[in-house]
Amino acid sequence: MTHPLDQPADPFDVARQAADDIARLTGVAHHDIAVTLGSGWGAAADLIGETVATIPATEVTGFSKPALEGHVGTLRSVRTPAGSHVLVIGARTHYYEGHGTRRVAHSVRTAAATGATVMVLTNGAGGIKDSWQPGQPVLISDHINLTGDTPLEGATFIDMTDLYSARLREIAREVDPTLDEGVYCQFRGPQYETPAEVQMAKTIGGHIVGMSTALEAIAARQAGMEVLGFSLITNLAAGISPTALSHQEVIDAGREAEGRISQLLAHVIGRIA
Ligand code: 8IG
């Protein structure tokens, strides 16, 4: 069967259908906030509040099967102690999977269609700043989209000033005053950068290298959401560290930091929700 987002159908209609699926399967008609959990952030789901329902992403219209093992393919509805409803997205489609930006943007558009007005995007990424260590969480202050692609279609001119909300970053820093921030450069991947590409990213003003968040943030802004972005620096970017990058290093750094950063994320969401 062909995928609904590969049809000429309007991707926002597909997102509307997905939101209807979520309402039916979770019994929660409206969500206030959505959060996408990237590498290293998974433990936050249990700390945000009480899980009302967990559904496999494959039962929701338009969601693709996870490409990587260790990427949880579930959506959860979580109720915070204050009574807000948080949609926890553990099913990210990456641009490098090659299915196009509609599929990349679908979870964000679905979150907006459930009613969420804040989109929290988290990821594991490489760090360029000399002062950063693997296992350190940082705020995303802005991005540089190096994919050469966009989730916007047609002559859709959308302002990207203050894309990563200064208001939400301020709240995050109230929870953890030691949080540093940086500019996220999205590369297409799936290969990690060469040291020369990391030097280019540094020269043009980048501090973080990753493969997911910029395209999602653009879609969130188009949908009218406020965006908060966190990167877990799981590794120093190629050439910044004296040793080669390994996927295992990335997984280990995520595991090691997971408890601490997930608590941070849950606290921040508690302050917003
Ligand atoms: I985890 O060093 C993780 N994701 N592009 N570069 C890019 N993506 C990443 C990296 C990295 N580490």
Side-chain angles (χ1 to χ4, degrees), residues 35-44 66-73 89-99 101 104 107 120-150 164 179-218 229-262 264-265:
V35 53
T36 299
L37 299 180
S39 313
W41 298 90
L68 263 184
E69 241 177 291
H71 283 220
V72 212
I89 301 166
R92 172 177 262 150
T93 298
H94 287 90
Y95 186 64
Y96 58 67
E97 292 172 49
H99 300 302
T101 55
V104 168
S107 61
V120 183
L121 298 169
T122 69
N123 61 55
I128 297 180
K129 273 197 200 179
D130 297 330
S131 57
W132 290 352
Q133 295 297 322
Q136 179 174 351
V138 300
L139 285 164
I140 300 175
S141 59
D142 201 347
H143 80 221
I144 299 173
N145 172 13
L146 296 176
T147 65
D149 210 340
T150 170
Y164 298 88
L179 272 174
D180 200 1
E181 64 180 31
V183 173
Y184 179 94
C185 284
Q186 182 170 353
F187 281 82
R188 185 199 182 280
Q191 72 283 355
Y192 293 124
E193 295 71 35
T194 64
E197 288 164 342
V198 170
Q199 285 309 308
M200 176 193 75
K202 184 175 180 177
T203 300
I204 63 177
H207 308 109
I208 306 164
V209 283
M211 305 178 194
S212 64
T213 295
L215 293 172
E216 295 171 5
I218 294 166
F230 280 105
S231 290
L232 168 65
I233 302 303
T234 56
N235 57 278
L236 299 179
I240 303 290
S241 148
T243 55
L245 306 194
S246 81
H247 185 58
Q248 195 54 46
E249 171 194 19
V250 164
I251 290 169
D252 291 346
R255 280 219 180 102
E256 206 272 313
E258 187 154 15
R260 195 165 45 84
I261 65 169
S262 294
L264 164 66
L265 179 59

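Treat the numbers as computed from the prediction; the structure is a model and nothing was measured. Ligands are counted one by one from 1 in listed order, and the atoms in each one are counted from 1 as well.
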- Note on the structure: Check: of T234, I208, L232, min heavy-atom distance to atom 1 (I) of ligand 1 comes from T234
- Among protein heavy atoms, which lies nearest atom 8 (N) of ligand 1, and at what distance? G210 CA, 3.4 Å
- Message: Students should be able to answer this: which protein heavy-atom is nearest to atom 4 (N) of ligand 1, and at what distance?
- Response: G124 O, 3.5 Å
Using a 4.5 Å cut-off on heavy atoms from C-beta on, say whether the side chain of [Y] contacts that of [X].
X    : Y    : result
I128 : I208 : no
R92  : S212 : yes
L139 : D180 : no

- Counting distance only, does the side-chain N/O of T194 pair as donor-acceptor with the main-chain N or O of E197 below 3.5 Å?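 It does hold such a pair.
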- Assess the side chains of D149 and T147: does a donor N or O sit below 3.5 Å from an acceptor N or O? no
- Message: Out of all atoms in ligand 1, which are within 4.0 Å of some heavy atom of M211? Include the element for each.
- Response: 5 (N), 7 (C), 8 (N)
- Message: Taking 4.0 angstrom as the limit and counting only heavy atoms of E193, give me the atoms of ligand 1 inside it, by number and element.
- Response: 2 (O), 5 (N), 6 (N), 7 (C), 11 (C)
- Is there a heavy atom in A125 that sits closer than 4.0 Å to ligand 1? yes
- Using the ring of each side chain (for Trp, its six-membered ring), is H207 parallel, tilted or perpendicular to W132, with breaks at 30° and 60°?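 Answer is perpendicular, since the angle exceeds 60°.
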- Query: For ligand 1, does V209 get within less than 4.0 Å through its side chain, its backbone, both, or neither, judged by non-hydrogen atoms?
  - Reply: both
- Using a 4.0 Å heavy-atom threshold (strictly under), name the region of N235 that reaches ligand 1: side chain, backbone, both or neither. side chain
